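Ligands are counted one by one from 1 in listed order, and the atoms in each one are counted from 1 as well. What's counted below: heavy atoms across the whole structure, side chains too, no hydrogens, waters or symmetry copies. The shown structure was predicted, so the numbers you read here are calculated from the model rather than taken from an experiment.
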Amino acid sequence: MSEKIQTIPIAKPWMGEAEAEAARRPIMTGWVTQGPEVAAFEQEFATYVGSNHACAVSNCTTALHLALLAVGVKPGDEVITVSHSYIATANSIRYCGATPVFVDIEPQTYNINPMLIEDAITSATKAILVVHQIGMPCDLSAILQIARSHNLPVIEDAACAIGSEILWDGNWEKIGKAHGDIVCFSFHPRKIISTGDGGMLTTNNPEFDQQFRLWRQHGMSIPDTVRHGAKQVIFESYPMLGYNYRMTDIQAAVGREQLKRLPEIVERRRYLAQKYQQLLADIPGLKLPTEPTWAKSNWQSFCVRLPETSDQVQVMQMMLDAGVSTRRGIMCTHREPAYQQEAWSCGVKQNSCDCQPGSCQRLIESEQAQDKAIILPLFHQMTEEEQNRVVEVLQAACRV
Ligand SMILES: *Cc1c(COP(=O)(O)O)cnc(C)c1O
């Protein structure tokens with residue numbers, strides 16, 4: 001009798017009774033969409049990251065959209081970003097009618113290469129949208145220096161980076177303290193903490209925060225909560241085009257519990273990542289992720305680059321057959337059918353480079369990272385035994 005081994009998943013949210021109980025609160029009071037739980041979640045979130053303001057929205061993609069609108073991105077503008085990211089990063093730029101200008105990454109950190117940014121700036125550049133990919137802080141101080149010298153706002157896509165830290169003027173500070181102008185977070189289940197779906201915008205600029213609050217609720221001048229509590233009849237007005245990008249109070253109640261767990265989650269992930277570093281150190285040709293001295297990742301994902309001789313699909317299939325889920329390296333947006341040549345630029349003036357479909361000479365590091373790296377399982381509840389099994393199976397797959 002052969003017992004089927006359980007497949008080790010790539011990720012798994014850590015939630016339980018506390019979250020289930022919290023979700024009861026808004027349901028029992030009857031106030032289920034954006035209300036007191038959202039307001040409390042925002043305050044607690046701002047306190048955690050150290051920002052002046054935090055505004056909850058429906059997800060990180062809508063957060064990115066509002067962030068770009070707030071800094072004035074309009075049709076015809078260019079926004080510098082990376083192709084090597086989840087497709088939502090670049091999509092948010094296109095929602096504004098603007099063109100994403102893709103800059104290549106550094107192979108060691110999988111983050112934007114700051115040395116390539118200056119060359120991509122044109123008179124049409126309106127903003128720089130950087131990503132803290134899979135939780136690893138990008139080189140914000142170098143990026144901000146370039147951005148400030150060109151008077152360009154910086155938006156941080158921190159979808160995966162809640163709990164990550166950066167050394168800033170000699171102190172460790174949380175990503176989200178708004179080192180750039182606006183920071184966007186995700187609470188999708190693949191991220192560190194989850195509300196099912198959900199997003200957050202942090203900033204130190206009170207005008208941006210006010211703007212987000214109007215936009216997320218149809219551009220309505222008086223929020224529901226204020227009308228509900230009013231002793232006199234009041235009518236709202238709609239001074240601008242808005243959206244429905246609200247977070248519900250049910251989600252926020254869950255988020256508040258998740259936030260309490262966050263320090264323990266980050267500590268556990270750092271422990272597991274360090275353990276991977278030790279256990280994988282001896283696999284010939286395997287390249288492990290590196291953390292710059294000024295960065296502390298939350299290890300939202302643990303990404304390894306396979307030996308030159310290994311075939312990515314073959315390794316992943318062998319691991320899957322042995323009961324270990326993996327994912328390929330982060331996607332390259334410019335290789336997707338939704339990104340035909342006219343939808344983006346690689347920084348050479350309006351695509352005058354001779355890129356092949358699915359391959360751009362200027363995005364070589366991005367493409368290689370997608371083709372050569374794989375993401376290993378890493379989640380809070382992961383046992384020592386499970387981690388050892390991942391390592392053994394990877395070791396065997398690399399030997400073939
Ligand atoms: C997950 C992710 C997003 C999108 O987040 P949603 O909350 O699902 O909209 C955007 N950018 C990056 C880098 C991500 O990893």
Side-chain angles (χ1 to χ4, degrees), residues 10-11 13 38 41 45 54-69 79-96 100 102-103 105-106 109-112 127-138 140 143 154-164 175-176 180 182-202 212 215-216 243-248 251-252 254-255 258 269 289 297-303 327-334 336 338-339 344 366 369-370 373 375 378-379:
I10 188 83
V38 165
F41 185 34
F45 195 93
C55 179
V57 287
S58 48
N59 55 63
C60 185
T61 309
T62 53
L64 290 166
H65 184 197
L66 296 189
L68 290 164
L69 289 177
V79 177
I80 293 172
T81 190
V82 283
S83 167
H84 183 75
S85 182
Y86 188 58
I87 197 165
T89 308
N91 281 354
S92 68
I93 297 168
R94 292 178 65 189
Y95 296 162
C96 300
F102 294 138
V103 165
I105 57 160
E106 301 171 321
T109 62
Y110 303 99
N111 274 325
I112 192 165
I128 303 177
L129 170 53
V130 295
V131 183
H132 302 295
Q133 198 56 261
I134 55 176
M136 185 67 76
C138 63
L140 273 179
I143 294 159
V154 171
I155 296 164
E156 301 169 50
D157 179 344
C160 299
I162 172 103
S164 298
I175 293 296
I182 304 168
V183 194
C184 304
F185 293 91
S186 172
F187 306 119
H188 181 273
R190 267 299 291 281
K191 319 300 185 191
I192 296 282
I193 57 172
S194 185
T195 58
D197 259 311
M200 192 72 81
L201 288 140
T202 65
F212 301 149
W215 274 330
R216 71 173 168 179
Y243 307 88
N244 179 357
Y245 285 175
R246 282 182 301 243
M247 176 184 276
T248 70
Q251 291 169 301
V254 170
Q258 288 275 281
R269 298 187 80 93
S297 182
N298 62 7
W299 299 103
Q300 184 270 341
S301 289
F302 195 87
C303 194
R327 295 287 181 273
R328 68 173 177 175
I330 303 299
M331 69 180 295
C332 285
T333 299
H334 73 278
E336 293 300 319
Y339 279 73
W344 59 283
S366 301
Q370 180 184 18
I375 290 170
L378 181 63
F379 47 92

Take the angle between the ring planes of His334 and Trp344 and call it parallel below 30°, perpendicular above 60°, tilted in between.
-> tilted
Could you tell me whether some N/O pair between Cys60 and ligand 1 is separated by less than 3.5 angstrom?
-> yes
Under the side chain to side chain donor-acceptor pair (under 3.5 Å) test, which residues partner Asn91, sequence neighbours left out?
-> Tyr339
pair Val82-Ser366: side-chain heavy atoms closer than 4.5 Å | no
Where's the contact between Arg190 and ligand 1, heavy-atom distance under 4.0 Å: side chain, backbone, both or neither?
-> neither
Using distance alone, determine whether Ser186 and ligand 1 share an N or O pair under 3.5 Å.
-> yes
Looking only at protein heavy atoms, which one is nearest to atom 4 (C) of ligand 1, and how far off is it?
-> Thr61 OG1, 3.7 Å
So, is Asp157 polar-close to ligand 1, with some N/O to N/O distance under 3.5 Å?
-> yes
If you measure from each non-hydrogen atom of Cys160 to ligand 1, which part falls under 4.0 Å: side chain, backbone, both or neither?
-> side chain
Between the main-chain N or O of Leu378 and the side-chain N or O of Arg269, is there a donor-acceptor pair closer than 3.5 Å?
-> yes
Just jot down the ligand 1 atoms closer than 4.0 angstrom to any heavy atom of Val131, in number order.
-> 13 (C)
Note: ligand 1 atoms sitting under 4.0 Å from heavy atoms of Asn59 are 7 (O), 9 (O)
What's the shortest distance from atom 3 (C) of ligand 1 to any protein heavy atom, and which residue and atom give it?
-> Ala159 CB, 3.8 Å
Would you confirm whether Ser164, through its side chain, and Asn298, through its main-chain N or O, come within 3.5 Å as a donor-acceptor pair?
-> yes
Name the closest protein heavy atom to atom 1 (C) of ligand 1, giving the residue it belongs to and the distance to 0.1 Å.
-> Lys191 NZ, 1.7 Å
Check whether the ring centres of Phe187 and Phe41 lie less than 6.0 Å apart, and answer yes or no.
-> yes
Look at the side chain of Ser92 and the backbone N and O of Thr61, then say whether any donor-acceptor pair between them is shorter than 3.5 Å.
-> no
Per-atom contacts, ligand 1 versus Ser85 - under 4.0 Å to a heavy atom | 13 (C)
Name all residues meeting the side chain to side chain donor-acceptor pair (under 3.5 Å) criterion together with Gln258; count only those two or more places apart in sequence or in a different chain, and write none if there are none.
-> Glu19
